[in-house]
Protein chains: 4
Amino acid sequence: MPANRNLKVGLVGTGFMGRTHSNAYGQVLRFFPGEVGPELVAVCSRNEATARDFAAQWGFDSYETDWRRLIERSDIDLIDIASPNDTHAEIAVAAAGAGKMVACEKPLGRTVAEARRMAEAVERAAVPNMVWYNYRRVPALTLAKHLIDEGRLGRIFHSRFKFLQDWTMSADLPQGGAGTWRLDAGVSGSGVTGDLLAHCIDAALWLVGPVAEVSGTSEIFIRERMHISSGKRLAVTAEDASLFLARFTDGSLATFEATRFARGHKALFTLEVNGEHGSIAWDLHDLHRLQYFSHRDEGALRGWRSIHVSDGDHPYMKSWWVPGLQIGYEHTFVHQVADFLAGLRTGEKRVPDFRDGLATDAVVEAVLRSARSRQWEAVEEISASSPEGIG
Amino acid sequence: MPANRNLKVGLVGTGFMGRTHSNAYGQVLRFFPGEVGPELVAVCSRNEATARDFAAQWGFDSYETDWRRLIERSDIDLIDIASPNDTHAEIAVAAAGAGKMVACEKPLGRTVAEARRMAEAVERAAVPNMVWYNYRRVPALTLAKHLIDEGRLGRIFHSRFKFLQDWTMSADLPQGGAGTWRLDAGVSGSGVTGDLLAHCIDAALWLVGPVAEVSGTSEIFIRERMHISSGKRLAVTAEDASLFLARFTDGSLATFEATRFARGHKALFTLEVNGEHGSIAWDLHDLHRLQYFSHRDEGALRGWRSIHVSDGDHPYMKSWWVPGLQIGYEHTFVHQVADFLAGLRTGEKRVPDFRDGLATDAVVEAVLRSARSRQWEAVEEISASSPEGIG
Amino acid sequence: MPANRNLKVGLVGTGFMGRTHSNAYGQVLRFFPGEVGPELVAVCSRNEATARDFAAQWGFDSYETDWRRLIERSDIDLIDIASPNDTHAEIAVAAAGAGKMVACEKPLGRTVAEARRMAEAVERAAVPNMVWYNYRRVPALTLAKHLIDEGRLGRIFHSRFKFLQDWTMSADLPQGGAGTWRLDAGVSGSGVTGDLLAHCIDAALWLVGPVAEVSGTSEIFIRERMHISSGKRLAVTAEDASLFLARFTDGSLATFEATRFARGHKALFTLEVNGEHGSIAWDLHDLHRLQYFSHRDEGALRGWRSIHVSDGDHPYMKSWWVPGLQIGYEHTFVHQVADFLAGLRTGEKRVPDFRDGLATDAVVEAVLRSARSRQWEAVEEISASSPEGIG
Amino acid sequence: MPANRNLKVGLVGTGFMGRTHSNAYGQVLRFFPGEVGPELVAVCSRNEATARDFAAQWGFDSYETDWRRLIERSDIDLIDIASPNDTHAEIAVAAAGAGKMVACEKPLGRTVAEARRMAEAVERAAVPNMVWYNYRRVPALTLAKHLIDEGRLGRIFHSRFKFLQDWTMSADLPQGGAGTWRLDAGVSGSGVTGDLLAHCIDAALWLVGPVAEVSGTSEIFIRERMHISSGKRLAVTAEDASLFLARFTDGSLATFEATRFARGHKALFTLEVNGEHGSIAWDLHDLHRLQYFSHRDEGALRGWRSIHVSDGDHPYMKSWWVPGLQIGYEHTFVHQVADFLAGLRTGEKRVPDFRDGLATDAVVEAVLRSARSRQWEAVEEISASSPEGIG
């Protein structure tokens, strides 16, 4: 084992996110060499065969079938939670209580109450922690963040965020199957609001700032679906679509929309921010491009620039191939691990941490509340995490 | 005078819309020959020099400085209202009362009350009437309408409409100048809601159907501007931005947004409709293209088709040039005149008429009401115009 | 008749180009007011009914059935030739001989010999003349020309030009029908080389400069087609596709391609120029946009700008509508007339004139020669037209 | 060591391509599990420190500083050549002679003579072999190949291929530095012809078929550059730009262009194929999309479909993430390894093998010959590799 495989990782969950995280741990040192690196010590799944096969496939040294056992193990430094949403809080609180670092898939909790317990647990234990809002590490979005932080857009007036899919439109899609716990609000907390809109909200809080109030609505277009275990038609509890208007504390306005009923869109996460001096736009279907409009360009030559974010002076890109050659989705997880490792080394806080996850959950909850009250609802203010924490 | 220059037109207004209408009257018979055609009899402006010059430039036989005089003239069949919004109701009611056909720029009235008086006046007088929601005659949008009417999209779940501009972002832009009566809500009725969102709403009612309820908000980003006549800084009364969520009576959901503070967009009117079997999308900045996604295409070959709507089998296009050669904005007005003339000949109702204009105004008013009440507001139901009317 | 309808036009030809020219003459003074303007005095077609109907439709005062008669008329100042290519030289030389101004559709001649006779005739007569290479007046291309002339691209290394269509791909399309004289090289001089490549070549000479030598090839994919008058299958004489490589006198390299067998393209005229400091690209299917890349932009923010050429500071656009609203194909002809009229007023030379048309024909001929010789062929050098001439 | 890490790889070269190959070997079993998988036994670089560090970084068990030693080792099954072009032939012939499987970076040889020796060596030894023309494994291009093979395009008339870069435009870029052996024709064989055009040619032969003859030209825009070792200005020997016209044996025509002087393009490899029934287009800057036009679509609804090649029914994509999530450049190498491994298991021939590499070199050589002769040159016919070979 090379000396820099020294951050001992225990992963909970072997689904889609278990794969993206494992790949990130495996790839990070190839492209972002450093003194601190992940060692894949153990993976945990309730199903033993699944755990064993996943460990073999992804190079974990061992496996467990009970996450409590994972937390008890002294040879593990970091617990990474990639299991369904209803397990996040319990595992995270226990892991923090055992002094482990904690990484958690989004959304942090199913409710603000859960997320708050989690954030308080890691802060009490003073353990490094992060939430996998991976899209912050798309190079084009990191570049957008730099532009905004440098004041290139000036005062912001508008933003808009969408996450459009169409994979649940068939009435024949059952509930309760693998990958469909997202259709069960008991497990997931909500439907597209916590699943897809949460990505939009995290991006909004990061790029634009805190949201003051929201007015939302949601819909379940197919009200009943067969449940895969019982074979019975049961009421669907997770919303198919969720839309809201927002006012940010800076006075700017935004529209948000997430749905799984937008025919023709597989995973179209898009965002646009319009400011005084310029605008940026991006979409996940062409994630390697940033659209940028600068009003400071010479009048007759103003236009939206399509920046192919693949050059050596673009965020993260020097570590990959040569200019013009795209990276893709999985690399955002590699970047997040690379930044987390760098934070461990330097002591610098890395975001998004649990407090950022809590802030997103506060907006999610206000949106769901507004959908019920049919009125504008204020978003609970979440104080920033203390800067000295390691993120 | 050729025999088919037999529909005697009197135009009120010499601004931007006066020009688009005049051009349409001048061009229509070149490309859509027929037995009925417009004769430009008189134009009216309060300023005599303006009226005289406009008449010379655009080929009107005479001019007036008082619209009442225009209505009194027995050599005029159609009164076309292209003057500011605060003049629409009075002129239209008088014209209908005098038995004239009436065409009116959008929005029909500043309020539902005004619009209702206008619709009732033309219906009482049983005169052909229309509102210039010209974008219905963009060939790409007419094609979209055909696709929806043919059931190609199936049940509709989502739509979204935006009209984004950036021309009023400078704090130095005064109120009250030529072309800026749109910033004075006393004249215009509202800001972007009646001006830009009205186009979105008309398209939505036409493509998707009636709106049941809305939740909106609006903003004036620059609260005071110098008034050009007094030189004083006065409160701006017309909103810069207006956004709303909508539920249609078919259960589908939509987002709407209009603003003059979206840096980088000159006149970006966009719309998208997502249905069970397919989707369509369009934007005014490339108005000659329709984006169409058909879920009925073979699985692995599904993709958004970029249809260059310039072929002989596309709406209106056979009358213009040859395939591949674009037309532009002005042509939508030519098409509206061509359809109106065809309606006169066949007796078939042509839309949008005043009742359609009233329906749009009912949504506009609900949006403004919701922005004040901070709650969802029901949209007043407008009964359809009687089918036997000539539109 | 208004006083500024004082340039008396006689038009030969009532086909597609007869329509575009007539429309331009009709529209120009509405949008580009001035003291000199066209009066549509007479149109000429061999078929009397066609001539009469066209005159009525487009507002010509009279018609002729023999172009010689048109030239004899003393009430005509300008002879505009929009008839098939095999008539250009004879009409133009006669018109110039009669002291008329001459406008001629492209290509100027079927051969360099014809074109040279024409250029020499108008120069001998010292009459204003022009060739309808209309695409120079697409605002986006005019803007591109300005950028190049200002040195924004620096030394040019590469350019590429394509004109792709698919309208003759059906083997059932006959020869000899209306609109298909372009398939008969006896009439047209050549196939796509003179028809489509000529547009590419004119743009290249204008934007990049003189071509030194070419290596070309061509193909007739469907060798026989039924002739519409005889009903017999006859050999097709006009090439379906024509491609060539070029070296310009500045040392830059280019590819050129024109075809009517490129499935999916209606009239895709595209060009791109790459220079030391920047590049431009454009295509006719979205003619209102210019793509511009500036290497002088800040490193990490470089990207191709999509300029929506519809603003008041863009060439020609102040005369049309408001920012963001497209014009289309027909407007390029209006601009060419407007510039010609301005040239008459100021005495300034306006291009492209007959000498420019001759220069393009010299490249066309070298391409055809190279396709036969299977070697590089030098392009005959054409001296520039004298600057004092009125263009 | 897992049982399926059983194909013992020895890699020559630690540059850009050494990295892409190593990554592919490391990743393949995570996403394409199987009984046969690569074990990274040894890497070879002339510089010991480089070799040692690369081995540590990429997980090779050992390293060598002489490729002859690598070939001698009995614990190696496959020699993978990722060193500069002037080493390919000698290593490959020796490796085949020692009974090793051989993989080789493109272009196969610097000349047809070299490539032929290599192809004959692996065929004589009957060892599995492949050339890294990785772009065949872009899922969008693999899909394009399927469409063509299924006859969706019908008879092909046209194709066009470009590979445009701008990284050598600065006159200050020296010769002879790391990564700039590509500017030394002695090492590389040629400039952009063998480097970039070779990718275009391989794609053309694969998608369209054999090329019969070519007419080309090339240019060195900056004739002298400082050599990094001597500090002297020396003549540049590798061409900056290379263009050619081609006739395929099926009678279709094509344009090819490669350059490093196209400002604004980092690695813009594009291709388009036009057939009787449809067309496809693709570009490397958005490599996850295939543009497809089907003339068999309903007339008024025909358009280029932008297919986001990221779905489970698209080539290779089921093995990666979920629909809508892009992969990038590096994955093409993973796919090539996965296919090679599958070929070893099934005995099925996998392309491109050395004979395909030889065929591409035959076109490269004809292009260079034509650039000198200034005439059309026939392409040497290369007989297909025997189908029973394992590719």
Side-chain angles (χ1 to χ4, degrees), chain C residues 153-160 162 164 166 169-171 213 215-219 221 240-247 251-257 259-266 272-281 285 291-295 302-305 370 373-377, chain D residues 153-160 162 164 166 169-171 213 215-219 221 240-247 251-257 259-266 272-281 285 291-295 302-305 370 373-377:
Chain C
L153 269 53
R155 179 182 165 191
I156 291 175
F157 295 110
H158 289 285
S159 55
R160 45 198 81 82
K162 288 183 302 203
L164 308 182
D166 65 2
M169 290 182 71
S170 166
E213 55 174 1
S215 171
T217 192
S218 67
E219 189 55 87
F221 291 114
D240 293 317
S242 184
L243 296 71
F244 71 97
L245 305 179
R247 284 183 172 270
S252 70
L253 302 176
T255 60
F256 287 77
E257 179 180 8
T259 181
R260 296 186 185 123
F261 273 67
R263 190 56 88 194
H265 300 302
K266 296 173 186 171
E272 177 170 342
V273 182
N274 304 133
E276 192 179 357
H277 306 306
S279 292
I280 58 99
H285 277 189
Q291 308 293 326
Y292 172 51
F293 180 91
S294 172
H295 192 65
R302 285 184 197 127
W304 283 79
R305 298 185 203 173
S370 169
S373 73
R374 295 172 51 82
Q375 295 185 348
W376 284 82
E377 294 283 345
Chain D
L153 268 53
R155 178 181 166 193
I156 290 174
F157 295 110
H158 288 287
S159 55
R160 44 199 82 82
K162 287 182 305 203
L164 309 183
D166 65 1
M169 291 182 70
S170 166
E213 54 174 1
S215 171
T217 193
S218 67
E219 189 56 85
F221 291 115
D240 293 317
S242 183
L243 296 71
F244 71 97
L245 304 178
R247 284 183 171 271
S252 70
L253 302 176
T255 59
F256 287 78
E257 179 181 8
T259 181
R260 297 188 185 121
F261 273 68
R263 190 57 87 194
H265 300 304
K266 294 173 188 171
E272 178 169 343
V273 182
N274 304 134
E276 193 179 356
H277 307 307
S279 293
I280 57 100
H285 278 188
Q291 308 293 326
Y292 172 51
F293 180 91
S294 171
H295 192 65
R302 284 183 199 128
W304 284 80
R305 298 185 202 173
S370 169
S373 74
R374 296 173 49 85
Q375 295 185 352
W376 284 82
E377 295 283 345

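Hydrogens, waters and symmetry mates play no part in the numbers below; they use all other heavy atoms, side chains included. Residue numbers begin at 1 in each chain, while the letters A, B, ... track the order of the sequences.
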Nearest heavy-atom pair of Leu243(D) and Leu245(C): which atoms, and what distance?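 For Leu243(D) and Leu245(C), the tightest heavy-atom pair comes out as O-CD1, 3.9 Å.
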Specify whether His265(D) and Trp304(C) have parallel, tilted or perpendicular ring planes, treating 30° as the upper limit for parallel and 60° as the lower limit for perpendicular. parallel
Side chain, backbone, both or neither of [X] within contact of chain C (heavy atoms, under 4.5 Å):
X         : value
Gln375(D) : both
Leu153(D) : neither
Gln291(D) : neither
Ser242(D) : neither
Ala254(D) : backbone

Measure from the side-chain N and O atoms of Asp240(D) to the backbone N and O of Arg260(D), and report whether any donor-acceptor pair falls under 3.5 Å.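 Not at all, since once roles are kept as given, no pair shorter than 3.5 Å links the two residues.
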Polar side-chain atom of Ser279(C) near backbone of Arg263(D) as donor-acceptor pair, under 3.5 Å: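 Yes.
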Find the one option among Gly251(C), Gly278(C), Ser373(C) whose heavy-atom pairs under 4.5 Å with chain D are most numerous. Gly278(C)
Audit row: Glu377(D), Arg374(C), salt bridge (charged side-chain N to carboxylate O under 4.0 Å, His left out) steps and yes/no: CA-CA 10 Å; Glu377(D) 295 283 345; Arg374(C) 295 172 51 82; over 6 Å; no
Kindly determine whether Arg160(D) and Glu272(D) satisfy salt bridge (charged side-chain N to carboxylate O under 4.0 Å, His left out), including the steps that lead there. CA-CA 5 Å; Arg160(D) 44 199 82 82; Glu272(D) 178 169 343; 3.3 Å; yes
May I ask you to name which of His277(D), Arg247(D), Arg155(D), Arg302(D) has the most heavy-atom pairs under 4.5 Å with chain C? Arg247(D)
